[in-house]
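Below: the structure, in structure tokens.
Keep in mind it's a predicted model, so treat the numbers as computed, not measured. Here, residue 1 is the first one in the sequence, and each next residue gets the next number.
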Amino acid sequence: MKNKIGWIGAFLVVLAYFLMTIDIINSNDILYNLINLIAGILLGYRVWLDKNYSNLALEIVFILIAFINLIK
């Protein structure tokens, strides 16, 4: 199950980037930041399960950035 969570998180990161590069969404859109927030949570949970704390720290920063942009 944890591998599926990681794959879904990775897919969402790529999806958000892809949608932005083809001008469907931009980096200020709620959808872009929501996708990144969900991806960060899923990937953060995945690396937490593996006790990969350096990647967990990176995902926490990723989550905070997406959350701050959603609040704006």
Could you go through the side-chain contact (heavy atoms from CB on, under 4.5 Å) check for Phe62 and Ile65 one step at a time? CA-CA 5 Å; Phe62 197 71; Ile65 292 168; 5.9 Å; no

Of all heavy-atom pairs between [X] and [Y], which one has the smallest distance, and what is that distance?
X: Ala16; Y: Ile35; value: CB-CG2, 3.7 Å
X: Gly9; Y: Ala39; value: O-CB, 3.4 Å
X: Asn69; Y: Asn33; value: CB-OD1, 3.3 Å
X: Ile25; Y: Asp29; value: CA-OD2, 3.1 Å

Under 4.5 Å between side-chain heavy atoms, counting indirect links through other Ile/Leu/Val/Met/Phe/Trp/Tyr residues: same cluster for [X] and [Y] or not?
X: Met1; Y: Trp7; result: no
X: Ile63; Y: Leu49; result: yes
X: Val61; Y: Tyr53; result: no

Find the distance between [atom1] ([X]) and [atom2] ([Y]) and round it off to the nearest 0.5 Å.
X: Glu59; Y: Leu64; atom1: CD; atom2: CG; result: 11.0 Å
X: Leu37; Y: Ile68; atom1: CG; atom2: CD1; result: 11.0 Å
X: Leu31; Y: Leu70; atom1: CG; atom2: CG; result: 10.0 Å
X: Asn28; Y: Met20; atom1: CG; atom2: CE; result: 10.0 Å
X: Leu58; Y: Leu43; atom1: CG; atom2: CG; result: 9.5 Å
X: Phe11; Y: Leu42; atom1: CZ; atom2: CG; result: 12.5 Å

Going by the side-chain contact (heavy atoms from CB on, under 4.5 Å) test, name the single residue among Ile8, Val13, Leu12 that passes it with Ile38.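 Exactly one option meets the side-chain contact (heavy atoms from CB on, under 4.5 Å) with Ile38, and it is Leu12.
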
Just wondering, are more than 12 heavy atoms of other shown residues or ligands nearer than 6.0 Å to CD1 in Ile22? yes

Tyr32 vs Leu19, test: side-chain contact (heavy atoms from CB on, under 4.5 Å). Steps then yes/no. CA-CA 8 Å; Tyr32 177 78; Leu19 292 174; over 6 Å; no

Asn52/Arg46 under side chain to side chain donor-acceptor pair (under 3.5 Å): CA gap, chis, key distance, verdict: CA-CA 9 Å; Asn52 187 340; Arg46 171 66 172 98; over 6 Å; no

